[in-house]
Structure formats: structure tokens, C-alpha cells
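Comments concern the structure below.
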Amino acid sequence: MANHEKRRQEDAKKKAKSNTRAKLGAGSKGPQRPHSKVRVDARAASSCATSRRTGASDSPCPVDARCGGCKNLCVPYTKQLIDKQLRIERLFAPLAPDGTISLIKGMKDPYHYRNKVISPFAPGKKLPPRGQDRKAIDPRNRKAADVRGAKGGKGKRPQARYEILTGMYAAGSHELVPTDKCLIENETAKKVVLAVRDIMRKHDVTPYREDTGTGFMRHVVVRVGHTSGEVLVTLVTNSDDFPSSKSFCRELIRLCPAVTTVVQNVNERQTNVILGDKERVLYGSGFILDELCGLSFRISSKSFYQVNATQTEVLYRAAMELAGFDGTQVAIDAYCGTGTIGLVAAKSGAARVIGVDSVESAIRDARTNARHNGVENAEFVAGDATDFMCELAKEGVLGAESPEEGAQAGGLVVLMDPPRAGSTEEFLRAAAALAPERIVYISCNPETQARDVEFLDSIGYAVVAVQPVDMFPHTDHIECIVALEPVDSLSPERWGKEGGEEEAAEEEAPDGEEALDGEVDEFAELVDPAVEPAAVEEVE
């Protein structure tokens, strides 16, 4: 009997603990830190690790264990920076002379930095027809209730209604994780997303179903001007017909006065591509203006524009410093997109800028932005970057009337910011054949960048500087700038790597522990001192 009673008590404890975990996993209400002021320290790291294992809501983000959009949210920010620094050093140590890899540039406040927010819509659980009580319908009176709640009059069956979900997809899936708050998304943009969802409910606008290709509203894309505060809302729909568009926009402007323009983008294809080809402006001008590095840029629904404007300025200013423009050089802005880097170069000492990109709409935006800013020393060409560089290499001059005129021009600087897949060997050979005095390579994928830099190294261009920038805190993504110069122009002291390989090998300590010694204080200067004391302590 005593043993039986003991087992019964143990079973009761296990059941109580299981119920508690189930409630936490379901998002039970409890003490929460304010999302707008949240700061992750060393103590949060252990609780987040627990939440990922159990599904509990101990993380500063209630859906952290399910979403995975910012997978390093529970890692102290200083530790994130150190991990990214070590990753860059391991990639470029075999290629970069001692002292050429700088410390990563982090953010003072690494939260709510995404000025572009994309939110899909999906149906949730089925709801009773409008006008009915949400409680269970009495089966004895179901037919009468159906008629009362019918849309379109007596005698018609009601249209099925569903809960509308919006948020982010779970990592590696198309399972939508509903979110009302996000620690990395712009707060104004998030408010607009939720307002669109609520207006959809009010106007009976159906969310898109991926499995059947039915439903009307697929996505909302919100862009917020970093300095201007202007807001562009793009409603991505599954058909052209939007009969309630005027009242929809009026309601959106009433709820979110910061919205300055609304665009409808039509995407009828069953594809993962978010935007379609057809658009119409529902309200406002169809674009917003924002400032970056002292220039004003026109941003439309399809414009490429960095999502973290604060760190984009840090990135571009570092790139201009490494380019070393003195008013005499010609700059080629390869893979130029809407011309942001090239226009900054034109205002930062480049005598002439030639931008090239294969996307014609991006080139149109680049030309518009040049006119808008009164930049007359920049031109933009639509075409494949590799073909363009190979043609230039054949000609040997940059549009000059004669070789003599080309020779009188200043030096050449190649600015390149290719897609994640990196550049091509043909492009790199052609770039080297033009004998630029400097190549400044910007990349969002350091792995393919290191591959291309190794190829440039094999054909006579050596690394003189590596500058990582943390554009996406709480994720694994890193933006990196590498500057290269011809080996012939470098002194032996500048190029030599005495004992470099042995030193690089010594830095390959398991988990990077030995490499952290003496670096914590330097990283602490890159972040808000009030945020990180506990984090620095854990790293040490």
C-alpha cells in the first residue's frame, strides 16, 4: 500500500508538470518583457535553449521555437558578432595578409531594423457564418441558422469563412506561424500588416490557399522610409478584380495614417515568387522617397533596396573608403541594381560611374534616381554584367573616342555586388584584364565571395582589406567587403605573410575559444554598453 501511494503521488506530479508544459507550449499568458525594449543577455540564452527543446514561451519572442526567422535571438549580441568575425577570418585567413581583416561593424540597437516586411496570408480554422453566435449551432435548428447567416439573401447557403492568419513561415516549410509582434521587423510596418488583416476580416476578403490556388489576398509587402517615414503598401492579389479597393484603402489610411501610397500587384501564378508582373496604383503616387548617404532614392514595389538602412549606410561608407576615390577615377558599378552604390560613388569622388545590371526595370529606377539627385556623372546600362565586362576588356577603353583619350583618363575602380551565387570566372578575368587600380567586392555570401577572391588572387590581385558588416543581427547572414589591388603595385612588406599559414592554423581552435581571448573588449565597443555586460561575461 505504501509503494502504491508513493507511485500515485509521483504520477500526479508528472501529470501536473506535463500540463504546465502543455499550457506554456500553447502560449499561455504570463509575465512578458516589453517587446519594444527587449534585450537579450546571457541569462536569456539558457532559457531560450530550453524553450527550443520544450516549445515553452521563455524566449523574448513567443514564437521563437517555431518560427526560426532570427535563429540567434537567444545568443548574446556580442557573442553573435564574435562568431561572425571568426567565420570571416577562417574564410579569408589563407588569402588576406596579417592585419587586413578588420573587426565586424555591429549595430548599436539590433532590433526592429527591417524596413521591408513581407507577410503572407493563409486561412486558419473555420468560422461560423457571419451573424451567427460563435457557440455550437443547435443541430435541430441548423437549417434555419444557415439561412439567417447566408450571404446574399434568404435561401442561399452561407459562404464558408475562415480565420485569417499572417506572420512568417516556419523554417524549411510552408507552415505559417502567426505573429502579432516581431523583434526584427519595423514596428510601423508590422502595424500596417495587422491592419490589412483586420480589414480583410471586415470586408470578407479571403486569404490565399497555396494547396488549391484559390482565395484573393496572397501577401502584403510594406516598405518604410528610414529617414522620410513614408510607407508603401503593396497588396499582392490572386486576381485583378478588387471591387472593394477604394473602401479598403480608406480604412487602411484611417487606421494607419503613416501610409502614403498603396499598390495592387496581381500574381495569378501558382509559384513561390511573391510579386507578379501587373500592377496598378490604388492610392498615392505608387512610390516613396528615402535618403541614404545624403542622396534621395525613389522606391517602388519592385525596387531593390537594402532592408536595413542603418547598416546600409555603414556598408556603403566603408566601401567608399576602401575604393579611395580622389576625383580622377572611373568606377564600374557591376550588378548595380537600382544604382545605389554607383550613385553614392558618383557623389564620393568618382569622376565617372558606369553601372550595369541585367534587370531592365532596375536600370530604369537607377536612371530615375540619377536624374532625381541631379547626378550627371553616372550612366546605367541594361545588360549581362559578364558580357559587358568582356566587351570592355576587348575594347581596352571605357567609351573613349581613342586609346589616347582612354589613357589620359584616371585610374579604374571596379565595384561589384553580385547575387548570392557570386560572380563568374569570365567576369573576373575581364575585370583583371582592364587593370583596375582597385576592385571592391561587396557580398552577402562570404563563401562564394571567398571562392571568387581566391580566383582573383590566382590571376594577380591580392587582398588589401576585409571589412565584415552585420546587416542582419540575430541571423547567420553576413555582409562583407573585400578590397583587392594588383600584386605588382604592392610592396613586399604589404603583401608578405610571414608565418601567416601557421598563425591561421593556430586560430582554428575548437569552438573558437582561444581566438576570443583579448577580443571581447573590442567587440563591446560596437554595441550599446548598457545591453551587453552579462553577454560579455558569458563569452569570456
>> So, using side-chain contact (heavy atoms from CB on, under 4.5 Å) as the criterion, who are the partners of T271 when residues are at least two apart?
In response: N267, R269, V273

> ring-ring contact (aromatic ring centres under 6.0 Å, His included): which pairs involve residues 330-359, sequence neighbours left out?
Replying inline: Y335-F427

>> Within the 4.5 Å heavy-atom criterion, are L183 and P60 side-chain neighbours or not?
In response: yes

> L484 versus V440: any side-chain heavy-atom pair under 4.5 Å?
Replying inline: no

>> Regarding E447 and R87, does a basic nitrogen lie under 4.0 Å from an acidic carboxylate oxygen?
In response: yes

>> Side chains of E187 and K181, heavy atoms from C-beta outward: is any pair under 4.5 Å?
In response: no

>> Is there a side-chain contact between R223 and T234 in this structure, where contact means two heavy atoms from C-beta onward sitting under 4.5 Å apart?
In response: no

>> Taking the ring centre of each residue, are Y111 and H474 less than 6.0 Å apart?
In response: yes

>> With salt bridge (Lys or Arg N to Asp or Glu O under 4.0 Å) as the rule and sequence neighbours excluded, what pairs involving residues 315-341 come up?
In response: E313-R317

>> Q306 and side-chain contact (heavy atoms from CB on, under 4.5 Å): which single residue from H226, Q311, E479, K116 fits?
In response: E479

>> Checking Y113 against N186: is there a side-chain donor and acceptor pair closer than 3.5 Å?
In response: no

>> What's the separation between atom CD in E89 and atom CG in L103, rounded to the nearest 0.5 Å?
In response: 8.0 Å

>> Tell me whether the NZ or CZ atom of R367 lies within the 45° cone about the ring axis of F380 and under 6.0 Å from its centre.
In response: no

>> Any non-hydrogen side-chain atom of L428 less than 4.5 Å from a side-chain atom of D452?
In response: yes

